[in-house]
Number of protein chains: 2
Amino acid sequence: MNTLSYGLLSLLSKDSRTGYELMHHIQPFWPAKHSQIYPLLAQLEQKGYVEFVHVPQSDKPDKKVYSLTANGLKALQEWIGQPTDAPVTRDEFALKVYCIGLVDKDEAKKMLLERENYYLEKKVSYLESFERVKCLSEKPLEELGMQDPMFGNYVLIRKAVLKVEADLTWCKWMKSKLK
Amino acid sequence: MNTLSYGLLSLLSKDSRTGYELMHHIQPFWPAKHSQIYPLLAQLEQKGYVEFVHVPQSDKPDKKVYSLTANGLKALQEWIGQPTDAPVTRDEFALKVYCIGLVDKDEAKKMLLERENYYLEKKVSYLESFERVKCLSEKPLEELGMQDPMFGNYVLIRKAVLKVEADLTWCKWMKSKLK
DNA sequence: CGGCCCATGTAAATCGTTACATGATTTA
DNA sequence: TAAATCATGTAACGATTTACATGGGCCG
């Protein structure tokens with residue numbers, strides 16, 4: 001059982017989903033391709049942590065809708081209590097910035113602006129997710145408690161927004177350094 | 001040539017270093033174990049991008065001090081101009097927070113405090129690095145330009161500090177949610 | 001004396017990406 | 001008509017971690 005497997009169980013604890021949907025929803029916190037997810041779902045099913053129903057579709061390909069079993073829930077709760085790994089980030093841009101003095105100022109500025117636009121787009125998409133969560137939630141977001149089904153979404157989007165704002169602050173600060 | 005290889009060249013563009021030192025210095029931006037780095041250095045040497053001198057030591061094991069060659073510098077500069085991959089983060093804590101409602105409030109609070117302490121320690125160590133850079137720099141940091149050798153260190157530590165402050169802001173905000 | 005730091009390397013296992021494979025429907 | 005979306009899966013490759021291997025000096 002690796003971390004991604006538990007991540008899939010985490011998503012399934014809220015909603016039954018297909019492998020395809022799980023792939024999309026897990027991206028922001030644990031990037032993974034479908035080729036990694038499908039075999040793990042098969043393993044999880046063999047362990048009895050998830051089960052699925054075939055859902056034939058006429059217009060689109062048939063799908064398998066997975067849900068968490070009682071055993072899966074137990075495994076998930078035990079995992080939450082275990083020690084948690086430190087987050088890991090790999091940022092090619094940071095490596096380039098470290099030796100940015102090797103290229104000329106115009107190229108450096110161009111790179112920074114590109115990265116800033118990347119973060120701006122991210123921020124927009126996070127704010128859109130935020131709005132979506134706001135609509136789906138019964139209560140106003142500020143009143144959500146730990147037990148509410150949208151609580152996880154709410155706090156993680158808040159985390160993502162704070163992070164991307166820090167990145168944008170850094171980009172703007174860097175731009176002033178390259179003037 | 002993978003990203004880590006270029007990362008090693010990036011570090012070597014500032015200083016000659018051993019594989020062991022490279023391993024430690026690249027951690028904040030591209031975590032890697034020595035078992036990954038030593039073979040890559042051998043490859044880089046075969047390609048003529050780096051060269052090394054044996055340095056026998058009496059008290060400690062002998063070492064190989066690597067430096068960047070002219071060809072290595074050229075490869076490095078070309079890489080900087082190429083499109084840059086988006087940063088990738090994998091955060092087990094985020095997955096757990098998503099379904100934090102599955103454990104009781106006290107355990108959730110304990111997890112949050114642990115993570116906050118982790119970030120606090122990180123912040124302290126970043127601020128220490130900051131002081132070290134300040135001492136090593138000839139000019140005051142605010143006056144450093146792109147070409148100065150400490151510029152890369154300076155701006156990346158600033159990036160790390162902004163990030164960890166955003167994380168701490170989130171932790172404090174989360175704590176208020178669990179009251 | 002046990003464990004950490006220095007310092008380099010290889011081998012095995014796991015994790016993750018890219019490519020191969022299929023195929024209907026929708027959109028530009 | 002080319003590309004994207006939905007939907008699942010396998011195979012090959014590359015990246016990363018863990019474990020194996022060695023050995024002196026230093027600290028508590």
Side-chain angles (χ1 to χ4, degrees), chain A residues 1-8 11-12 16-47 50-67 83 85-92 95, chain B residues 1-9 11-12 16-47 50-66 83 85-92 95:
Chain A
M1 286 290 289
N2 57 21
T3 307
L4 178 54
S5 299
Y6 286 110
L8 297 172
L11 296 197
L12 290 175
S16 296
R17 290 190 183 282
T18 65
Y20 191 81
E21 289 171 327
L22 287 167
M23 173 188 67
H24 287 295
H25 288 280
I26 207 160
Q27 293 308 319
F29 311 107
W30 203 278
K33 314 282 177 185
H34 71 273
S35 53
Q36 197 179 7
I37 288 173
Y38 290 127
L40 288 182
L41 283 171
Q43 277 180 225
L44 290 171
E45 200 251 322
Q46 281 204 326
K47 290 201 172 93
V50 301
E51 55 191 15
F52 66 89
V53 282
H54 277 284
V55 178
Q57 298 184 119
S58 49
D59 50 339
K60 291 183 245 175
D62 297 354
K63 60 186 180 180
K64 290 177 171 185
V65 177
Y66 286 87
S67 21
D85 287 342
V88 169
T89 298
R90 290 201 167 83
D91 188 349
E92 189 175 19
L95 294 172
Chain B
M1 286 290 289
N2 57 23
T3 307
L4 178 54
S5 299
Y6 285 110
L8 297 172
L9 297 185
L11 297 196
L12 290 174
S16 295
R17 290 190 183 283
T18 66
Y20 191 81
E21 288 172 327
L22 287 167
M23 174 188 66
H24 287 295
H25 287 279
I26 207 161
Q27 292 309 319
F29 310 109
W30 202 279
K33 314 283 175 185
H34 71 272
S35 54
Q36 197 179 7
I37 288 174
Y38 290 126
L40 287 181
L41 282 171
Q43 276 180 224
L44 289 171
E45 199 252 322
Q46 282 206 325
K47 290 202 172 89
V50 301
E51 55 193 13
F52 67 88
V53 283
H54 275 285
V55 178
Q57 299 184 117
S58 49
D59 51 337
K60 292 181 246 176
D62 298 352
K63 60 186 180 181
K64 290 178 171 184
V65 177
Y66 286 87
D85 287 342
V88 169
T89 298
R90 289 200 167 83
D91 189 348
E92 189 176 19
L95 294 172

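Proteins get letters first, then strands, A, B, ... in listed order; numbering begins at 1 in each.
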Can you work out whether A:Asn2 or B:Tyr66 has the more 5'-proximal nearest nucleotide on DNA chain C?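 Result of the comparison: B:Tyr66.
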
Reading DNA chain C from 5' onward, which residue's closest nucleotide shows up sooner: A:Trp30 or A:Lys60?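 Here A:Trp30 is the residue nearer the 5' end.
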
Exam field: side chain B:Arg17 to backbone B:Leu12, donor-acceptor pair closer than 3.5 Å: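 Not at all, since once roles are kept as given, no pair shorter than 3.5 Å links the two residues.
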
Test item: B:Glu51 side-chain N/O and B:Tyr66 main-chain N/O as donor-acceptor pair under 3.5 Å: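 Pair absent, no side-chain N/O of B:Glu51 close to backbone of B:Tyr66.
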
Minimal non-hydrogen separation, B:Leu40 against B:Ser5, with atom names: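 Scanning both residues, the minimum pair turns out to be CD2-OG, 3.7 Å.
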
Without decimals, in angstroms, what is the distance between [X] [atom1] and [N] [atom2]?
| X | N | atom1 | atom2 | answer |
| --- | --- | --- | --- | --- |
| A:Ile26 | C:dG16 | CD1 | C1' | 13 Å |
| A:Lys63 | C:dT22 | NZ | P | 24 Å |
| B:His34 | D:dA21 | NE2 | C1' | 10 Å |
| B:Tyr38 | D:dA19 | OH | P | 19 Å |
| A:Leu40 | C:dC15 | CG | P | 8 Å |
| A:Asp85 | C:dC15 | CG | P | 12 Å |
| B:Met23 | C:dC5 | CE | C1' | 10 Å |
| A:Gln36 | D:dG14 | CD | C1' | 13 Å |

Which nucleotide, [options], lies nearest any side-chain atom of [X]?
| X | options | answer |
| --- | --- | --- |
| B:Pro39 | C:dT10, C:dT17, D:dA7 | C:dT10 |
| B:Arg90 | D:dT17, C:dT17, C:dT10 | C:dT17 |
| A:Lys64 | D:dT5, D:dG9, C:dT8 | D:dG9 |
| B:Ser35 | D:dT17, D:dT10, D:dC6 | D:dT17 |

Would you say CD of A:Gln57 has more than 12 non-hydrogen atoms from neighbouring residues, nucleotides or ligands within 6.0 angstrom?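 Atom CD in A:Gln57 is packed in, count exceeds 12.
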
Is the phosphate of C:dT8 approached by B:Tyr20 (side-chain N or O, under 4.0 Å from OP1 or OP2)?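 B:Tyr20 to C:dT8 OP1/OP2: no side-chain N or O under 4.0 Å.
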
Short side-chain N/O contact to C:dC6 OP1/OP2 from B:Gln57, under 4.0 Å: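 So the side chain of B:Gln57 is outside the cut-off, no N or O lying under 4.0 Å from OP1 or OP2 of C:dC6.
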
Between A:Pro61 and B:Ser58, which residue's closest nucleotide on DNA chain D lies nearer the 5′ terminus?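 Taking each residue's closest nucleotide, the earlier one in sequence belongs to A:Pro61.
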
Just verifying a value: how many Å separate A:Tyr38 OH and A:Gln43 CD, rounded to the nearest 0.5 Å?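 Answer for the OH-CD pair, A:Tyr38 versus A:Gln43, is 16.0 Å.
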
Using a cut-off of 4.0 Å on non-hydrogen atoms, how would the nucleic acid contact of A:Thr18 be classed: base, sugar-phosphate, or nothing?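 Contact class for A:Thr18: sugar-phosphate only.
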
